[in-house]
Amino acid sequence: MTIISRGFHGRRPPEGTKLPPGQYEATGFPVLSAGPTPHVEKSSWELSVTTEDGRRHTWDWAALMALPSESPTVDLHCVTKWSKFGTEWRGVSLDVLLADVETAAEHALVTSYGGYTTNLPLEDLLDGKAWITYSYGGDDLAPEHGGPARLLVPHLYLWKSAKWVRGIELLESDTPGFWESVGYHNYGDPWREQRYQGD
Ligand SMILES: Nc1nc2c(c(=O)[nH]1)N[C@H]1C(S)=C(S)[C@@H](COP(=O)(O)O)O[C@H]1N2
Ligand SMILES: [Mo]
């Protein structure tokens, strides 16, 4: 695929620092959902990637399982100020899913079963920074945390990690998602404390 790289936006934490500004370490794994948990069966699950010219690529559950997976261990940072260190996931890198997708688009709008949406630059899904995950802590991903599959983009605030992920639309122009259109920051880098518009 053709990507014009404008460099990595995320600021690296200072050596040894794991808490971004304004965050605290949570115990447990809070659940934050804007609506009820949609119950999505693996047998009817489908992920689609749609390009700016309307071409659609789809994977059913078996196709996702057939792809090489990775086991990222990452820290999570929620805009409500909790962070969780060392979470263990299994999933498929977006680099794998997008390898054969031809696009000149620079923007992505991620959609979920249940209607949630979130936007981010396409480059933030690439280069080992994002996964479609289906396992957490060695178990199937629980429905309340986005199972059967969720996007994981740990270098941005956790609202960008769409639970119950269903589609990724690659777009020529940026389109704000659910939280981005009600005042949350368009990009959401926890290290630059980009919580709200204007931060
Ligand atoms: N589909 C969907 N994804 C979502 C949300 C949501 O309401 N719906 N909430 C977001 C927010 S604000 C956060 S903080 C995280 C919470 O993930 P968790 O419930 O697994 O902790 O999911 C994000 N992904
Ligand atoms: Mo959140």
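Atoms within each ligand, like the ligands themselves, are counted from 1 in listed order. Sequence positions, counted from 1, serve as the residue numbers for this chain. What you see is a predicted model, and the numbers here were worked out from it, not measured in a lab.
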Counting N and O atoms only, with roles assigned by atom type, does the side chain of [X] sit under 3.5 Å from a partner on the main chain of [Y], one being a donor and the other an acceptor?
X: Glu25; Y: Trp82; result: no
X: Trp59; Y: Leu97; result: no
X: Asn119; Y: Gly177; result: yes

Non-hydrogen atoms of [X] versus ligand 1: any pair closer than 4.0 Å?
X: Ala162; result: yes
X: Tyr157; result: no
X: Arg150; result: yes

By number and element, which atoms of ligand 1 are closer than 4.0 Å to a non-hydrogen atom of [X]?
X: Pro30; answer: 18 (P), 19 (O), 21 (O)
X: Val31; answer: 19 (O)
X: Trp164; answer: 1 (N), 2 (C), 8 (N)
X: Ala34; answer: 6 (C), 7 (O)

So for ligand 1, is [X] a polar contact partner (N or O within less than 3.5 Å, distance only)?
X: Ser33; answer: no
X: Gly35; answer: no
X: Leu32; answer: yes
X: Trp179; answer: no

For Glu180 and Thr118, does a side-chain donor sit closer than 3.5 Å to a side-chain acceptor?
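Side-chain D/A pair, Glu180 to Thr118: present.
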Derivation and outcome, side-chain hydrogen bond (donor to acceptor under 3.5 Å, both in side chains), residues Ser71 and Glu88:
CA-CA 7 Å; Ser71 315; Glu88 296 176 357; over 6 Å; no
Within reach of ligand 1, part of [X] (heavy-atom separation under 4.0 Å):
X: Ser112; value: side chain
X: Tyr116; value: side chain
X: Trp82; value: side chain
X: Phe29; value: side chain
X: Tyr113; value: neither

Run the salt-bridge test on Lys42 and Asp140 with the 4.0 Å N-O cut-off and return the result as yes or no.
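Salt bridge between Lys42 and Asp140, a charged N being under 4.0 Å from a carboxylate O: yes.
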Under 4.5 Å side-chain heavy-atom separation, chaining through any Ile, Leu, Val, Met, Phe, Trp or Tyr, what else clusters with Val79? Say none if it is isolated.
Tyr116, Tyr157, Trp159, Phe178, Trp179, Val182, Tyr184, Tyr196
Given the rule in the side-chain hydrogen bond (donor to acceptor under 3.5 Å, both in side chains) test, do Ser83 and Lys18 qualify, once you have shown the distances and angles that lead to the verdict?
CA-CA 9 Å; Ser83 291; Lys18 295 210 292 183; over 6 Å; no
Glu46: partners by side chain to side chain donor-acceptor pair (under 3.5 Å), with sequence neighbours left out
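By the side chain to side chain donor-acceptor pair (under 3.5 Å) rule, Glu46 matches Arg56.
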Suppose we measure from [atom] to each protein heavy atom; which comes out shortest, and what is that distance?
atom: atom 23 (C) of ligand 1; answer: Leu158 O, 3.4 Å
atom: atom 18 (P) of ligand 1; answer: His145 ND1, 3.5 Å
atom: atom 14 (S) of ligand 1; answer: Cys78 SG, 3.2 Å
atom: atom 3 (N) of ligand 1; answer: Lys163 N, 2.8 Å
atom: atom 24 (N) of ligand 1; answer: Ser161 O, 3.1 Å
atom: atom 12 (S) of ligand 1; answer: Trp159 CB, 3.4 Å

Test applied, side chain to side chain contact (heavy atoms under 4.5 Å, CB included); reference residue, Phe85; option that passes from Thr73, Val74, Asp75
Asp75
side-chain hydrogen bond (donor to acceptor under 3.5 Å, both in side chains), that's the test. Do Arg90 and Ser69 meet it? Break it down for me.
CA-CA 7 Å; Arg90 176 168 286 277; Ser69 64; 2.4 Å; yes
How far apart are the C-alpha atoms of Asp124 and His155, what are their side-chain angles, what is the distance that settles it, and do they pass the side-chain hydrogen bond (donor to acceptor under 3.5 Å, both in side chains) test?
CA-CA 9 Å; Asp124 286 82; His155 71 286; 2.7 Å; yes
Is the Tyr136 ring parallel, tilted or perpendicular to the His145 ring (thresholds 30°, 60°)?
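Geometry flag for His145 against Tyr136: tilted rings.
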